[in-house]
Asks: 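One structure is given below, represented as structure tokens, and several questions about it will come after.
Hydrogens, waters and symmetry mates are skipped; everything else that's a heavy atom, side chains included, is used.
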Amino acid sequence: MGPSHKKYLTGCALSKCDKFETPLYDLITDKETVAQLYKSELFTDFAVHDDENEHSLEMQYPFIAKVMEDYRDNFKIISIVVGDVSLDHARKYAHVLQPLLADPGTVFVISSDFCHWGSRFSYCHGADSKQPIWKAITQLDKEGMDTIEELNSSKFQDYLTRTENTICGKRPIVIFLCTVELHLQQNPSSGPRFKFLHYSQSSRCERKSDSSVSYASGVLTLG
């Protein structure tokens with residue numbers, strides 16, 4: 001799942017592409033599962049020309065191809081592009097996606113960055129704090145990351161509302177958190193655990209004229 005940057009969407013859309021080229025090999029769409037998702041009537045089509053203009057999932061495909069290189073003929077992918085989704089709407093998607101999460105043969109990949117800071121992003125949270133700006137950004141992002149590690153969709157939504165942090169993949173993350181919460185309700189002994197493994201910033205902002213984008217990577221494990 002990844003956010004739609006250029007095409008406005010209400011809800012989620014499924015890619016119409018049958019395959020995705022990478023420098024290593026082509027990734028093939030799981031048409032059977034896509035057909036099942038359409039039956040929920042929650043998903044619309046994501047046109048090919050819109051897909052070609054969207055980078056959030058495109059950036060993940062080469063990494064998926066590399067990680068899965070030894071299984072290149074034994075897996076398929078589903079590309080879900082996420083638009084404007086409320087928390088209640090996200091919970092509806094969770095009911096559709098939870099069976100996939102429960103399947104040990106399925107891996108979810110959520111594409112997102114974290115804070116886009118600077119006047120060119122119209123977001124300067126913490127610019128007037130006494131600590132260096134890059135530290136204020138780190139503190140802001142870490143609060144959100146801690147909330148994600150708690151696997152609490154409501155708390156993460158409250159965090160977004162309060163801070164307005166410019167996390168591009170906030171809606172895919174909310175849907176994913178709702179899906180994990182539902183899975184835990186249905187499987188109390190599953191013991192889901194999310195852990196962030198890395199955090200970095202494209203540059204360290206020292207002045208209000210600076211700008212940066214934050215990045216983080218994490219992994220969910222189910223018991």
Asks: Under 3.5 Å, side chain of D51 to main-chain N/O of A47, donor-acceptor pair present?
Replies: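 No; zero donor-acceptor contacts below 3.5 Å.
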Asks: Please list, chain by chain and in numerical order, all residues satisfying salt bridge (Lys or Arg N to Asp or Glu O under 4.0 Å) with K92, sequence neighbours excluded.
Replies: none
Asks: What about F196 and L151, same hydrophobic cluster or not, with Ile/Leu/Val/Met/Phe/Trp/Tyr joined at side-chain heavy-atom distances under 4.5 Å?
Replies: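 The answer is yes; both residues are in one hydrophobic cluster.
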Asks: State, to 0.1 Å, how close I80 and L37 come at their nearest heavy-atom pair, and which atoms those are.
Replies: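 Looks like CD1-CD1, 4.4 Å.
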Asks: Is any side-chain heavy atom of S15 closer than 4.5 Å to a side-chain heavy atom of V81?
Replies: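 No, their side chains stay 4.5 Å or more apart.
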Asks: If we only count heavy atoms from C-beta on, is the D26 to T22 side-chain gap below 4.5 Å?
Replies: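 Side chain of D26 against side chain of T22, heavy atoms only: no contact under 4.5 Å found.
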Asks: How long is the gap from CD1 on I133 to OG1 on T138, to the nearest 0.5 Å?
Replies: 12.0 Å
Asks: Taking the basic N atoms (NZ, or NE/NH1/NH2) and the acidic carboxylate oxygens, is any pair closer than 4.0 Å for E143 and R162?
Replies: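 Yes, charged N to carboxylate O under 4.0 Å.
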Asks: Under 3.5 Å, is there a donor-acceptor pair between the side chain of T33 and the main chain of D30?
Replies: no
Asks: For V96, is there any backbone N or O sitting under 3.5 Å from a side-chain donor or acceptor partner on S40?
Replies: no
Asks: Would V109 end up clustered with V174 when hydrophobic side chains under 4.5 Å apart are linked, directly or stepwise?
Replies: no
Asks: Between Y61 and F20, is the ring centre distance below 6.0 Å?
Replies: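 Ring centroids of Y61 and F20 are less than 6.0 Å from each other.
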Asks: List the residues meeting ring pair (Phe, Tyr, Trp, His ring centres under 6.0 Å) with H116, not counting sequence neighbours, and say none if there are none.
Replies: F121
Asks: So does D128 pair up with K208, basic N to acidic O under 4.0 Å?
Replies: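 Salt bridge: yes.
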Asks: Please step through side chain to side chain donor-acceptor pair (under 3.5 Å) for the pair N187 and S190, ending with a clear verdict.
Replies: CA-CA 5 Å; N187 303 272; S190 60; 5.5 Å; no
Asks: Hey, would you say the Y199 and F114 ring centroids sit under 6.0 Å apart?
Replies: no
Asks: Are side-chain heavy atoms of L220 and L101 found at a separation under 4.5 Å?
Replies: yes
Asks: Are E69 and K66 close enough for a salt bridge, meaning some N to O gap below 4.0 Å?
Replies: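 Yes, this pair counts.
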Asks: Please determine whether a side-chain nitrogen of the Lys or Arg among D158 and K155 lies less than 4.0 Å from a carboxylate oxygen of the Asp or Glu.
Replies: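 Here D158 does not pair with K155 in a salt bridge, since their nearest N and O are not under 4.0 Å apart.
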Asks: Looking at V82, is its backbone amide N or carbonyl O close enough to the side chain of S4 to form a donor-acceptor pair, meaning the two atoms are under 3.5 Å apart?
Replies: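 No: the side chain of S4 does not pair with the backbone of V82.
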Asks: Go through the structure and list residues passing side chain to side chain donor-acceptor pair (under 3.5 Å) with E149, not counting sequence neighbours.
Replies: none
